[in-house]
Every structure is written in C-alpha cells, then in structure tokens.
*Asks:* 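Got a structure here, written out as structure tokens. Questions coming.
To find a chain, count down the sequence lines: A is the first, B the second, and so on, and within it residues start at 1. A quick note: this is a predicted structure, and the numbers were derived from the prediction, not measured.
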Amino acid sequence: MDLRSFNAPQREAILHGEGPLLVLAGAGSGKTRVIVHRIEYLVRERGIPASSILGITFTNKAAGEMRERLEKLLGNEPPLVSTFHSFCARTLRQEITLIGYSRNFTIFDDDDVVGLVKVVMRELNLDPTKFKPKSISNFIDNCKNKGLWPDQVVPENWYQEILVRAYRSYQEKLKLLNSLDFGDLINSTVKIFSEHPGVLARYQEHYQWFLVDEFQDTNTTQYRLIRQLAGSRLNLQATGDFNQTIYSFRGSCLSNIINMGKDFPGLRTIKLEENYRCTKQILKAANAIISHNSQNLAMALWTKNAEGKRIICATMENELDEGQFIAETIENNRLSGKKYSDHAVLYRVNALSRSIEEAFLKRGIHYIVIGGFRFFDRKEIKDCLSYMRSIVNPADDMALRRILNVPSRGIGDTTLAKLEKVAGERKVSLWEVMRALDFSGLSASVKDKIRSFIQLVDTLIELHNTQNLSTLLKEIMSLSGYMAALVTEGSDKALNRVDNLDELLSVVTEFESTREVPTAEAFIDYAALMSSLDISAGCRDCVTLMTIHAAKGLEFPQVFLIGCEEKLFPHERCMGSQADIDEERRLMYVASTRAKERLILTTAEIRRIAGTVANRKPSRFLAEIPDDCKDEVWWVEEGLVSYR
DNA sequence: AGCAACCGTGTTTTT
DNA sequence: CACGGTTGCT
C-alpha cells in the first residue's frame, strides 16, 4: 500500500490494528479517505475478511458512496456499509420473533407515528387542546433516543405522568400492529442482543471490526448497540468532530465520545487537524467563530492551502434582492468559467429556499433542492405503498386506514370510527375486526363493502405470494381502482400523480434489478429508511440548495449562506440556553467549512416570513468573524456592489 | 359520505 | 402564506 499521499496522523490511523481507536477529525481533514483506506489496510495487509467488517455512516447516501469507493479498492466483495437504522432493520427481519413480533413487521414513518398517537389519545380520552399529538410523539421519541422503554421513564410531574401513559399505550398498540418506529429499530435490536446472549454472540462472531463515522451524532442507544457488538474485542474505530455536533435535537450526545475511554480501555486517540479543503481566510473565520463556544473543545485546524479571498458579508434590503444578488453572482462566476455545480446555497430552515428558487427560475439558473419533500412522501406514492404494507402486514392499521377508502368505496369516517372503537376495546387490529365483522351497528350494505375490500386485499396477498414485485405493484394500481380513479378525474393534478406512479414503477423495476432479494418487505424498508437527503436526482450541472444540516460532509467551491439574521440563525427556537446557542454556532461552523474558495454570507434588512414582513438584525455570528478576513458589502437593486 | 369554505395556527434541523 | 382541521351544506 502506498501511503505517501497521507500525513503522519492519517497514516497512524490507517495502520492502526486491533483495539479501540478514536479519530478526532476536523472539517475537511480527509476522514472518509482514512476510513476507506484503513479498511483496505485491514483486508489487504492484515488478511481480515471483508465480511467481518461493518461500516456505519449517518445517511444511506454516505453509505452508498463509501461502498462504491471500497468496491473500486477491494473488488466485488466489499464489507457491509450501512446506517444504524438499516443495519437494525436488516437484523430485525431475521431475529424479531424473539421479542414477540413477526418478521413481516412494517416501519412507521413520522406521519404514521403522529396518526397512531392520535388514536391512542382518543382511547385515553386526552383532550387534544391540552395535549398536542406532536409534542407527545416528540416525548416518545426523546425517550427512545435515550433507550428508555415506558416502564423505565420516571415521570417528574403530573404532566409527564400522562405522557408516559400515552407512551405505554402507544407502545402496546405498535406491538399489536406488528409495527416499529425509527427508535424501535435501534432499541429492539439492543433488547434482543441483551436478552439473548447467544444471538449477540453470533453477530459478534460475524462482525469483528467496526468503523463508525459521524460518531458525535450517535445517541445513547446507538452507542449501546455498538458497544454490544464490539464486545470484548473492542475493535471499534470511532470518527467524529465535537465541533460538528448538530443533531442533539435527535438525541445525539457528546458524552459518548467523552466517556469512550471508560468503556473502551486502551483507547488510542488521533487528531486530524490539517485541513485540505478551505482557504486560509475561510479557516481563520471558522476557527474564530467556534472559539466563541463556552465549552471549547478546540481543534487547531490549519491548512497549507492558498490565502484566498476574504469572506463577503452582504446586506440586502429584502429577500428578493438576496435572490437577485445570488443569481447575478452565479451568472458572473459562470462568465469566468465556473459551473453551476460549483455553487451551493445553504440556509437554516427549508422555507428559505423559496425566494432563491424564484430568482433562479426567473433567470433560468439550473438548480436542485435537497431535502424537504421526499418522493416517498407524496400522497399517491404513500397510498400505493400503503397497499403494499397492508399486503405484507395486514395488522398495519395506519396503512389500512390510508387505503380503506382510497379510492372512495363508501367506507367513510363514521364506519372507520365504529371499527376503531371495537378494535380498541378488543385490543386487536382493525384488520381483525373487519375480517370478523361480528358486531352490530353497521348496515348490511356497509358490511358488503367491507367484505369486498377484504377480498381485494386477499387477492393482492395471493399475487404477492406468486408474482414479482413490479407485477404486484401494477396489480395494486389497477385492481384497487386507484389508477382508474385518477384517470377519470383527469385534472392536471391527477395526471401529475399518474406520472409519479409511473415513476414509482420504474423505481421498483430498478430495485428489482439491483437487489438480490427484491421482496415487498425489502422495498418497504427501503422506502421508509431512504431519507430526503439520500436521493441523488440526476441533475448534471446545477446549483445545490439545501439546509446546513443536509450539507454536512459536503464541500463546494462557492458557498452562499443566506438569512444570516438573528432569530433565523440562530433560530428563535434555539436561543433559550447557552447550549442552544452553542449548537447554532457549531452549525455556523459547519456551514462555513463547506466552502473551498469563497464564502458569501447574506443578510436581509426586511424579510417576509410566514406572510408578515419584519425588520431583521444581522446575526451575532457575523460579528464573530474577525474584521481582517471579511468584506462588508451593501447590495442595491441596480446590481452594484458598493463597499461601506 | 363527500365536498367546499372557513378559520386559526405556526413553521428548526432528520435517521 | 399555506396547511390542517373543523364546520356546514348537499
């Protein structure tokens, strides 16, 4: 192996053999390269079978990219690289019967979770004006991030007592519906491993080397899981950066890294502090910003790169000018040979993309928006997937409720409410109630409609057993009458939905040709676990628009960070405590270090937010950039940039 | 049961 | 402003 292109600490990390390793890798320090080449080293030089290595990344997209690089390096049998959630889903498909679920479980998305919370609230007679479904689901999610099952949560007050009660019913209901939410994927796997040492031993035998990327973003249960798997071999490489902890709202906790030495005795720590990405100016600004954090876990990032240009802090009158300014700057850059794809526009909240999109549309600038709405979140896609879910797992009430009357077949809300009431009393799924239909209160005609719906699902289940996935999907669309209903409606909207369903069909066909086992179960997992960040739409040369969170791990020559205003960044919901502000500042740090050559920060004096215009104040973070590495600029409508 | 019109509400970030 | 949820009408 030729390691001449690596610096000393990088080489040290790559050549690390057995035992725990913590790589504190600053932004742009080449950490992914280190992970990939350490795997190469383990396989090539130490003769470790690739199949015993497990790589964990933060997104499916990152996993895919790493897999690709490994394939190039190691040939056609690369190690498994996946996210925590994908790995757990895969494990549970094998082992879940150990905790009383069956293998055909479904994974709930956010909407399903909130929907189920609402059902639970109805059953518990919780006043919806006093308790918001979303805050209950948040509470449940927080508990799960900490690895707490309902019985392990100690309520601190009367309010929390009710929340815990809701959590308990919710969890019972989930089991009844043979379904899992995101948190369950991790927690149930941990539970199986701790209750069944034999099973854990099997996995420990299979996987003996672990490399976890973005370790600072792991939460308590994910940490527990990796500790279980690493067992006594402790062959764990954790890679992370304190200063890029931006997911604590999802339960990630720094103490995982800080306490690692206790759980992993003999831990070797290596710092990667040389940055290969940014100019000196950008790095200087980023370092200055992060040095304002109270808990300063300073990494002294440095670079041999060029000095570079100063950072531009541009003030606009409003968000329209902001869009125009960015559009014009990009067009100017193109005249000097830059491509659209050399540019990214970052923002704190998704809503800010709109004004930029409008400006780009007006000028024909090619762009792609990452995040926001997923393909799999479109109504028609979710409907079809819900048919698939009901076929695989008829107990999945949330899927069933979705399709019961879509297209409309005369089984409306009142009928559903009656069915739901019986299901609640008997503690069974809706499907069971509908199948039995052994209670009074429904008219004969409604009963007939329910029976024919059940027959439809039964027919589809039969097809699922005998046909391949794409055939099944086609039959779902036609036998359910879904496609026909859209065609009959004939509106632009409906025809657009038809197009999207065609698209779904090609996604499924693609899935069939690339997967070893293209079952409906596998496709449902794929749809549930694919995030909006994972879909890399085929836009050859275009500007990328996304949130700062979505930009983590990426880099662009030219980066615009828009909406640098108090209450927007830092966000008003994140200004409550010092810890909140610190996290916002880390976000600012992440945003700044995405830029290779040029960083442009924009502020509007007036901005329209949620329909009302408001005066804005420049973000405090702008003032934290040293004067000698920024140019403060004022932009006026004529397109002139004048210096203050 | 299904549609249209209304109101009020509220917008972080996401596996 | 835009969506969700509710109401009231057919």
*Asks:* For B/dT15, does the base pair up with any side-chain atom of A/His85 as donor and acceptor (N or O, under 3.5 Å, distance only)?
*Replies:* yes
*Asks:* Applying side-chain hydrogen bond (donor to acceptor under 3.5 Å, both in side chains), can you list everything that pairs with A/Glu65, at least two apart in sequence or on another chain?
*Replies:* none
*Asks:* Expressed as a whole number of angstroms, how long is the span from A/Glu214:CD to B/dT14:C1'?
*Replies:* 13 Å
*Asks:* Rounded to whole angstrom units, what separation is found between the CD atom of A/Gln216 and the P atom of B/dT13?
*Replies:* 20 Å
*Asks:* For A/Leu185 and B/dT15, what is the distance between atoms CG and C1' respectively, to the nearest whole Å?
*Replies:* 9 Å
*Asks:* In this structure, how many angstroms lie between the C1' atom of B/dT15 and the CG atom of A/Asn187, rounded?
*Replies:* 13 Å
*Asks:* Measuring from atom CG of A/Asp580 to atom CZ of A/Phe249, what distance do you get when rounded to the nearest 0.5 angstrom?
*Replies:* 12.5 Å
*Asks:* Inspect the contact between A/Glu583 and A/Arg586 and indicate whether a charged nitrogen and a carboxylate oxygen are less than 4.0 angstrom apart.
*Replies:* yes
*Asks:* To the nearest angstrom, how far is A/Arg348 atom CZ from B/dT12 atom C1'?
*Replies:* 5 Å
*Asks:* Does A/Lys552 make a cation-pi contact with A/Phe58 (under 6.0 Å, within 45 degrees of the axis)?
*Replies:* yes
*Asks:* Hey, does A/Lys144 reach any base, or is it just sugar-phosphate, or nothing, if we go heavy atoms under 4.0 Å?
*Replies:* nothing
*Asks:* With nearest nucleotides of DNA chain B determined for A/Val446 and A/Glu583 from heavy-atom distances, which residue corresponds to the more 5′ nucleotide?
*Replies:* A/Val446
*Asks:* Could you tell me the separation between the CG atom of A/Asn142 and the C1' atom of B/dT14, rounded to a whole number of Å?
*Replies:* 13 Å
*Asks:* Base, sugar-phosphate alone, or nothing: which one does A/Ser86 contact when heavy atoms must sit under 4.0 Å apart?
*Replies:* nothing
*Asks:* One thing to verify: whether A/Glu380 and A/Arg497 come together as a salt bridge, which I'm taking to mean a side-chain N less than 4.0 angstrom from a carboxylate O.
*Replies:* yes
*Asks:* Keeping to residues at least two apart or across chains, list the salt bridge (Lys or Arg N to Asp or Glu O under 4.0 Å) pairs with something in residues 396-411 of chain A.
*Replies:* A/Asp383-A/Arg402, A/Arg389-A/Asp396, A/Arg401-A/Glu420
*Asks:* Determine whether the aromatic ring of A/Phe249 stacks with the base of B/dT14, defined as ring centroids separated by less than 5.5 Å and ring planes inclined by less than 30°.
*Replies:* no
*Asks:* Categorize A/Lys134 for me: base, sugar-phosphate, or nothing, with a 4.0 angstrom heavy-atom threshold over every strand shown.
*Replies:* nothing
*Asks:* Tell me: CD1 of A/Ile581 to P of B/dT12, nearest whole Å?
*Replies:* 16 Å
*Asks:* Mind checking the P distance from B/dT13 to C/dG4? Whole angstroms is fine.
*Replies:* 15 Å
*Asks:* What's A/Phe58 touching, base or sugar-phosphate or nothing? Going by heavy atoms closer than 4.0 Å.
*Replies:* sugar-phosphate
*Asks:* Please work out if A/Arg354 contacts a base, only the sugar-phosphate, or nothing of the nucleic acid, heavy-atom cut-off 4.0 Å.
*Replies:* sugar-phosphate
*Asks:* For a quick check, tell me whether the side chain of A/Arg573 and the base of B/dT13 share a donor-acceptor pair closer than 3.5 Å.
*Replies:* no
*Asks:* Would you say A/Thr547 places a side-chain N or O within less than 4.0 Å of OP1 or OP2 belonging to B/dT14?
*Replies:* yes
*Asks:* Is A/Phe182 stacked on the base of B/dT15, meaning ring centres closer than 5.5 Å and planes within 30 degrees of each other?
*Replies:* yes
*Asks:* Closest nucleotide of DNA chain B for A/Thr57 versus for A/Asp413: which of these residues is on the 5' side?
*Replies:* A/Asp413
*Asks:* Using a heavy-atom cut-off of under 4.0 Å over every strand shown, decide if A/Thr415 touches base, sugar-phosphate, or nothing.
*Replies:* sugar-phosphate
*Asks:* Test the A/Arg250-A/Tyr247 pair against the cation-pi criterion, namely NZ or CZ under 6.0 angstrom from the six-membered ring centroid and within 45° of the ring axis.
*Replies:* yes
*Asks:* Does A/Arg93 qualify as a cation-pi partner of A/Phe105, given the criterion of NZ or CZ under 6.0 Å from the six-membered ring centre and within 45 degrees of its axis?
*Replies:* yes
*Asks:* Using a 4.0 Å cut-off to any heavy atom of chain A, which nucleotides of DNA chain C are the first and last in contact, reading 5' to 3'?
*Replies:* C/dC1 to C/dG5
*Asks:* Which one of A/Glu605, A/Glu565, A/Glu322 satisfies the salt bridge (charged side-chain N to carboxylate O under 4.0 Å, His left out) criterion with A/Arg616?
*Replies:* A/Glu565
*Asks:* With sugar-phosphate meaning primed atoms plus P, OP1 and OP2, does A/Asn405 contact a base, only sugar-phosphate, or nothing at under 4.0 Å between heavy atoms?
*Replies:* sugar-phosphate
*Asks:* In whole angstrom, what separates A/Leu561's CG from B/dT13's P?
*Replies:* 15 Å
*Asks:* Using a 4.0 Å heavy-atom cut-off, does A/Asn350 contact any base of the nucleic acid, only the sugar-phosphate backbone, or nothing at all?
*Replies:* sugar-phosphate
